[in-house]
Amino acid sequence: MSDVLALVREDLRGFAGYKSARSETMRGDVWLNANESAWPNSADATANSRRYPDPQPAALRDALAALYGCEAPQLLIGRGSDEAIDLLVRALCNPGKDAVVITPPVFGMYAVCARLQNAPVIDVSLREVAEGLEPDLDAIAAAAIDARAKLVFLCSPSNPAGSAIPLADIARLAKRLQGIALVVVDEAYGEFSTVPSAVTLFSGCSNIVVLRTLSKAHALAAARIGVAIADASLIEVLRRCQAPYPVPTPCAELALAGLAPEALAETARRIALVRSERTRLQAALADLPGVLRVYPSQGNYLLVRFGDAESAFRSLLAAGVVVRDQRGAPQLGDALRITIGSPEQNDRVISALQLQEAAA
Ligand SMILES: Cc1ncc(COP(=O)(O)O)c(C=O)c1O
């Protein structure tokens, strides 16, 4: 058994999952094995939705593997990276026993999925340092070993803090946790970062899982396409724990079109624009007297501390600009998270906050 497979819940290692009609390879031209309709819906212009979809559409899987620099068998397509998080927790953690380490303040779904699985959640808070809010990797390793955690979720770039973790640090952590826990590197915002993907660490560390998504830089949030990239044996287990048909055909078609060369070139131009707007917005916000701190960000958002976050939030809302209130999150009692918008939208953020300060 591989090192990684040994971390999977013992009762699920040999689990076959649901055997769908699509998972059986048979030849024929009259398909009467899945109780589908013989005719397309009259609204289905392409007539592609009459049949259940391929559980892992091969063309999309190949395109995503090429995009993320891995082999197709190392990649699982799911309903957003949200689903990958859920599958990992379910497949690795025995309820009430195996813990999950997270680094608050951080994306909420790790804790939600752990809670649903009744997996203990171990918090190792980000540290406020000169460079920003950063994870303490030694403390994470110690906590994971101490709690016998099966999963460590690293968010890089981190939502909402914005910091990215150097690859050498991730590799060191993964090596320390080899045979103990999986290190999941959530790279939902990886396209906006200068740090390369942790997929490049796979050859040395089999216990790394990378999460990617088409929801952010690729502008396809509604298509719900996210992936887990990992050791092929783990990907097989996750697939068997997944719903029978997780990738709707219209979503797969849209995603494939969104990965065509022209679409990718446009995405690259938008990423460049987001990065330059991030620099511009960061400088403009830092200039405002009411802003206490703008964290450096490798994502498509900025975490901002305000002297009066309530007024800032209300002024933005009054100007029709909705940002994410972070005040309920640990350590962020005075912070808002502002997504980088178009240059015009960012101008609206700046002028609403300037106006509020002028009126104060
Ligand atoms: C860090 C992080 N991971 C994962 C997700 C989920 O993305 P998806 O749309 O792929 O489910 C988000 C969404 O906001 C996120 O911020």
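Side-chain atoms are counted along with the backbone in the values below, which use heavy atoms only and exclude waters and symmetry mates. Just so you know, ligand 1 is whichever comes first in the structure, and atom 1 is the first atom listed for that ligand.
Among protein heavy atoms, the minimum distance from atom 7 (O) of ligand 1 is reached at Ser81 OG, 3.3 Å. Considering only non-hydrogen protein atoms, atom 2 (C) of ligand 1 sits nearest to Asp186 OD2, 3.4 Å. Of the protein's heavy atoms, Phe107 CZ, 3.3 Å lies nearest to atom 5 (C) of ligand 1. When hydrogens are left out, the protein atom nearest atom 14 (O) of ligand 1 is Lys216 NZ, 2.7 Å; that is the closest non-hydrogen contact. Looking only at protein heavy atoms, the nearest one to atom 11 (O) of ligand 1 is Arg224 NH2, 2.8 Å.
Less than 4.0 angstrom separates some heavy atom of Ser215 from each of these atoms of ligand 1: 8 (P), 9 (O), 10 (O). Numbered from 1 in the order shown, with element, the atoms of ligand 1 that lie under 4.0 Å from a heavy atom of Gly80 read 8 (P), 10 (O), 11 (O). Ligand-side atoms of ligand 1 in range of Tyr189: 1 (C), 14 (O), 15 (C), 16 (O), range being under 4.0 angstrom from any heavy atom. In the vicinity of Cys155, heavy-atom distances shorter than 4.0 Å reach the ligand 1 atoms 1 (C).
Contact annotation: for Ala188 versus ligand 1, heavy atoms closer than 4.0 Å belong to the side chain alone. The parts of Asp82 lying near ligand 1 are both backbone and side chain, judged by heavy-atom distances below 4.0 Å. Residue contacts with ligand 1 for Glu83 are absent, since no atom lies close enough (heavy atoms, distance under 4.0 Å).
Nearest heavy atoms, Ile235 versus Ala228: CD1-O, 3.5 Å. Across all their heavy atoms, Arg327 and Phe313 have their closest contact at NH2-CD2, 4.1 Å. Pairing each heavy atom of Asp62 with each of Ala72, the nearest pair is OD1-CB, 3.6 Å.
Salt bridge absent: Arg239 and Glu236 never bring a charged side-chain N and a carboxylate O closer than 4.0 Å.
Cluster membership for Phe192 and Leu281, using ILVMFWY side-chain heavy atoms within less than 4.5 angstrom, is shared. With hydrophobic clusters built from ILVMFWY side chains whose heavy atoms lie under 4.5 angstrom apart, Leu332 does not share a cluster with Val304.
Although no hydrogens or angles enter the test, the distance criterion places no donor-acceptor pair under 3.5 Å between the side chain of Arg148 and the main chain of Ile180.
Among Tyr245, Trp31, Tyr18, the single residue meeting the ring pair (Phe, Tyr, Trp, His ring centres under 6.0 Å) criterion with Tyr52 is Tyr245.
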